[in-house]
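Every heavy atom of this structure was used, including side-chain atoms; hydrogens, water molecules and symmetry mates were not. We're numbering straight along the sequence, starting at 1.
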Amino acid sequence: MNRRGARPGAGVSAKGEERLQQILEAARTTLIEEGYHGLTMRAVADRCGITVGNLTYYYATKQHLLRDLLTHVRHQYESAFEDVLSSVPADPREQLEAIVRYVFSDLGSPETTGFFPELWAMANHDEDAARFMEEIYRWEREVLGESIAAMRPDLSPAAVRRLALFASATMEGHTMFVGHGKSHARQRRAAENVVVSAIMHVVEHEPPR
């Protein structure tokens, strides 16, 4: 991982890398369960079973830790998307549908339902969080756009970007309704089918331009 926040050399050894992974997972769990204001160095250290002094050997400040946490999460999603795309035929329509279904399945996890709303809130107050949110959603749109462009080579790049934005917003906007423990969680599968149909219909019927 290209770490931006960890102290230089902190993850060089296998033991150091293992500790960094433990810290990042502890930070993610703390953020999900306690919210941004509960994401303190002491809370993360306690969850890891280490002292705050030991934690600051790896991350000098909460902001340094947050930078690596956001990168850590993005890399996990990049790996997951690669696995999804490699598990279906190299057909753009099937790949687009697979991505949408993966995202909806992921919405049902407590971790995703807890993490991303916290990220959206953080982005209003934290430049690193705002930058990360733009990066991860831009990357998601690029993945969607590759399948859309392959499905519809007659569309302009601008049209492909608009459709990718539509697809991303349609999926992510369901988090607060069909996410884990949300009011319409039991209808997640039905909502997934509707969204898949809607996205496919819009992509297939978008006028060439």
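For the pair S147 (side chain) and R93 (backbone), a donor-acceptor distance under 3.5 Å is absent. With hydrogens and angles ignored, the 3.5 Å screen pairs no side-chain donor or acceptor of K182 with any backbone N or O of T175. Counting only distance, with no hydrogens or angles, the side chain of E94 and the backbone of V88 share no donor-acceptor pair below 3.5 Å. In this structure, the side chain of T113 does not engage the main chain of G179 through any donor-acceptor pair within 3.5 Å. Looking only at distances, no side-chain donor or acceptor of T112 sits under 3.5 Å from a matching main-chain atom of G108.
Hydrophobic clustering of Ile, Leu, Val, Met, Phe, Trp and Tyr side chains at less than 4.5 Å, counting indirect connections, unites M171 with F177. When hydrophobic clusters are built by joining Ile, Leu, Val, Met, Phe, Trp and Tyr residues whose side-chain heavy atoms come closer than 4.5 Å, directly or via intermediates, W139 is grouped together with V100.
Between V73 and L69 there is a side-chain heavy-atom pair separated by less than 4.5 Å. Between L31 and M122, the closest side-chain pair of non-hydrogen atoms falls below 4.5 Å. Counting heavy atoms from C-beta outward, E142 and Y137 have side chains that stay 4.5 Å or more apart. Using a 4.5 Å heavy-atom cutoff, the side chains of L119 and L70 are in contact. Annotation: side chain of R47 is not in contact with side chain of I23 (no heavy-atom distance under 4.5 Å). Contact of the E118 side chain with the I32 side chain is not registered, since no non-hydrogen atoms from C-beta on lie closer than 4.5 Å. Side-chain contact check for M176 versus P117: some heavy-atom pair is nearer than 4.5 Å. Inter-residue side-chain proximity for D91 and Q95 is flagged as unmet; no heavy-atom pair is nearer than 4.5 Å.
Residue-environment remark: CD (E18) stays at or below the threshold of 12 foreign heavy atoms within 6.0 Å. Heavy-atom neighbours of E127 CD from other residues, nucleotides or ligands within 6.0 Å: at or below the threshold of 12.
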Can Y59 and L24 be said to form a side chain to side chain contact (heavy atoms under 4.5 Å, CB included), step by step?
-> CA-CA 10 Å; Y59 293 103; L24 292 173; 3.7 Å; yes
Please walk me through it: do Q63 and D126 pass side chain to side chain contact (heavy atoms under 4.5 Å, CB included)?
-> CA-CA 9 Å; Q63 288 304 108; D126 185 279; 2.8 Å; yes
Applying salt bridge (Lys or Arg N to Asp or Glu O under 4.0 Å), run through R141 and E146 and close with a yes or a no.
-> CA-CA 9 Å; R141 294 193 302 272; E146 289 176 3; over 6 Å; no
Would T71 and H75 count as a side chain to side chain contact (heavy atoms under 4.5 Å, CB included) if you check the C-alpha gap in whole Å, the side-chain angles of each, and the deciding distance to 0.1 Å?
-> CA-CA 6 Å; T71 302; H75 286 183; 3.7 Å; yes
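Interatomic distance, CD of E34 versus CG of L39, reported as 10.0 Å (0.5 Å rounding). Residue L65 holds its CG atom at 6.5 Å from CG of L55, rounded to the nearest 0.5 Å. Rounding to the nearest 0.5 Å gives a distance of 6.5 Å between CG of L96 and CD1 of I199. Taking CE from M133 and CH2 from W120, the interatomic distance works out to 9.0 Å, rounded to the nearest 0.5 Å.
Not counting sequence neighbours, the partners of P208 by the side chain to side chain contact (heavy atoms under 4.5 Å, CB included) test are R152, D154. For Q76, the side chain to side chain donor-acceptor pair (under 3.5 Å) partners two or more places apart in sequence, or in a different chain, are E25, R28, H72.
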Under 3.5 Å, side-chain donor or acceptor atoms of residues 158-170 against the rest of the protein: list the pairs with distances, not counting sequence neighbours.
unit_1: S168; atom_1: OG; unit_2: E140; atom_2: OE1; d: 2.5
unit_1: T170; atom_1: OG1; unit_2: F166; atom_2: O; d: 2.6

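In terms of heavy atoms, A123 sits closest to A130 at O-CB, 3.5 Å.
Salt-bridge check for R131 with E135: failed, with every basic side-chain N at 4.0 Å or more from each acidic carboxylate O. Ion pair E192/R188 not flagged as a salt bridge, since none of the NZ, NE, NH1 or NH2 atoms sits closer than 4.0 Å to an Asp/Glu carboxylate oxygen.
Ring geometry for F115 versus F132: interplanar angle over 60°, hence perpendicular rather than tilted (30 to 60°).
With no hydrogens or angles considered, a side-chain donor-acceptor pair links Y77 and D106 at under 3.5 Å. One side chain, R101 or N193, offers a donor N or O that lies under 3.5 Å from an acceptor on the other.
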